[in-house]
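Here, residue 1 is the first one in the sequence, and each next residue gets the next number. The structure displayed is predicted, hence computed values, not measured ones.
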Amino acid sequence: MVARQLAEQLAGHFGERARHTPLRVLDVGCGQGTQALRLARAGHLITGLDSDPVTLGAAHAMLAAEPPEVRERVRLLSGDGHHCGRWFGPGSFDVVLCHGVLMYLPDPDPLIASLARMVAPGGLLSLLARNRDALALRFGLTGDWRAALQAFDSDHYTNRLGLTARADRLADLGATLREMAVPLRHWYGVRVFTDAMPDHAAPVDGRQLGQLLEAEERAGRTDPYREVAALLHLIGTK
């Protein structure tokens with residue numbers, strides 16, 4: 001869903017430039033390189049940054065399996081997104097991604113400020129965060145009533161990996177983006193219907209999977225469904 005949403009925003013914002021001229025992309029918290037490699041295959045110039053040596057090693061392994069023309073478009077660096085200024089000057093990138101990182105920080109604002117400085121005039125900032133306003137929903141749908149009740153009064157939760165994480169409200173992130181001069185252009189919901197679905201229940205039939213993805217895609221752009229999505233995908237512009 002995130003890849004589809006990002007592709008839509010790149011096409012809508014950059015138009016023909018995104019198809020014919022490589023965009024400079026910074027992926028902070030790139031993990032194993034899923035989005036970075038997708039964009040590199042599309043012809044863009046990617047810098048991936050991650051502080052975890054294990055996931056960065058996985059990204060290097062995935063990159064090594066790509067054709068030479070893809071490998072030459074990607075560089076992977078070990079580092080923390082809070083310190084982007086150590087490597088890059090202000091406005092160095094047309095697109096900055098930060099997906100699945102904010103929920104592990106006590107305060108998202110310093111990182112967002114660092115990322116915003118990296119965005120070139122006319123560029124995009126893409127954030128993926130946990131939705132604070134829907135935090136109780138997954139617990140309620142799975143019958144964990146104690147956790148659901150606690151979630152109404154807390155912004156912390158335990159994720160699928162067993163790690164303590166934190167959620168943000170759309171309004172708060174929107175205000176931060178505005179203060180950082182990358183005001184919110186558009187936002188989507190991610191995992192509206194499937195957040196509470198156990199892994200073994202995921203459809204393996206191609207037709208059913210296609211229907212699931214179509215339903216998630218429509219819900220992720222439609223009110224009121226997107227408002228209770230597990231994740232918020234925010235696009236800011238400079």
Side-chain angles (χ1 to χ4, degrees), residues 1-3 5-15 17-18 23-31 35-36 39 44-52 75 77-135 155-156 165-190 220-221 223 226-227 229-238:
M1 288 300 98
V2 174
Q5 294 160 358
L6 184 60
E8 178 180 76
Q9 290 297 314
L10 294 181
H13 186 68
F14 294 103
R17 177 187 171 190
L23 298 172
R24 301 164 300 165
V25 180
L26 174 64
D27 187 357
V28 173
C30 64
Q35 297 299 335
L39 292 168
H44 303 302
L45 304 176
I46 314 300
T47 299
L49 185 67
D50 204 293
S51 60
D52 182 4
R75 59 174 175 167
L77 303 175
S78 175
D80 188 321
H82 289 88
H83 309 300
C84 289
R86 292 182 179 177
W87 299 281
F88 320 113
S92 295
F93 297 93
D94 303 302
V95 181
V96 175
L97 313 179
C98 185
H99 297 164
V101 176
L102 299 183
M103 59 272 289
Y104 297 112
L105 304 177
D107 180 2
D109 289 8
L111 179 58
I112 294 175
S114 178
L115 302 177
R117 285 192 291 271
M118 297 297 105
V119 182
L124 291 182
L125 173 60
S126 173
L127 303 175
L128 189 68
R130 187 75 187 191
N131 185 5
R132 171 70 177 85
D133 289 326
L135 203 54
D155 61 357
H156 285 74
R166 188 190 52 77
D168 290 293
R169 286 193 161 93
L170 175 65
D172 295 336
L173 291 174
T176 297
L177 290 173
R178 188 166 57 251
E179 292 169 2
M180 304 302 175
V182 281
L184 187 64
R185 166 191 172 94
H186 193 77
W187 70 277
Y188 302 89
V190 178
R221 63 177 69 246
D223 291 327
R226 64 176 181 164
E227 297 168 10
L231 300 169
L232 301 170
H233 184 194
L234 291 77
I235 305 292
T237 57
K238 180 169 280 191

Side chain proximity check, [X] to [Y], heavy atoms < 4.5 angstrom:
X    : Y    : result
I112 : L177 : yes
L39  : L6   : yes
R221 : E8   : yes
S126 : I235 : yes
V119 : L115 : no
V95  : H44  : no

Show me, pair by pair, the donor-acceptor contacts under 3.5 angstrom made by side chains of residues 80-89, not counting sequence neighbours?
residue: D80; atom: OD1; partner: H82; partner atom: N; Å: 2.8
residue: D80; atom: OD1; partner: H82; partner atom: ND1; Å: 2.7

Pairwise distance [atom1]([X]) to [atom2]([Y]) - rounded to 0.5 angstrom:
X    : Y    : atom1 : atom2 : result
H233 : N131 : NE2   : CG    : 14.0 Å
D94  : L26  : CG    : CG    : 11.0 Å
R117 : L125 : CZ    : CG    : 12.5 Å
R166 : R130 : CZ    : CZ    : 12.5 Å
L234 : L170 : CG    : CG    : 5.5 Å
D27  : L77  : CG    : CG    : 11.5 Å

Provide the closest heavy-atom pair for [X] versus [Y] in the form atom of the first, atom of the second, distance.
X    : Y    : value
V101 : C98  : CB-SG, 3.6 Å
P108 : D168 : CG-OD1, 3.6 Å
D50  : G29  : OD2-C, 3.3 Å
R226 : W187 : NH1-O, 2.7 Å
A120 : R24  : CB-NH2, 3.7 Å
A129 : L173 : CB-CD1, 3.8 Å

Set of side-chain contact (heavy atoms from CB on, under 4.5 Å) partners for H13, sequence neighbours left out: L124, R185, T237
P110 backbone acceptor or donor facing S114 side chain under 3.5 Å: no
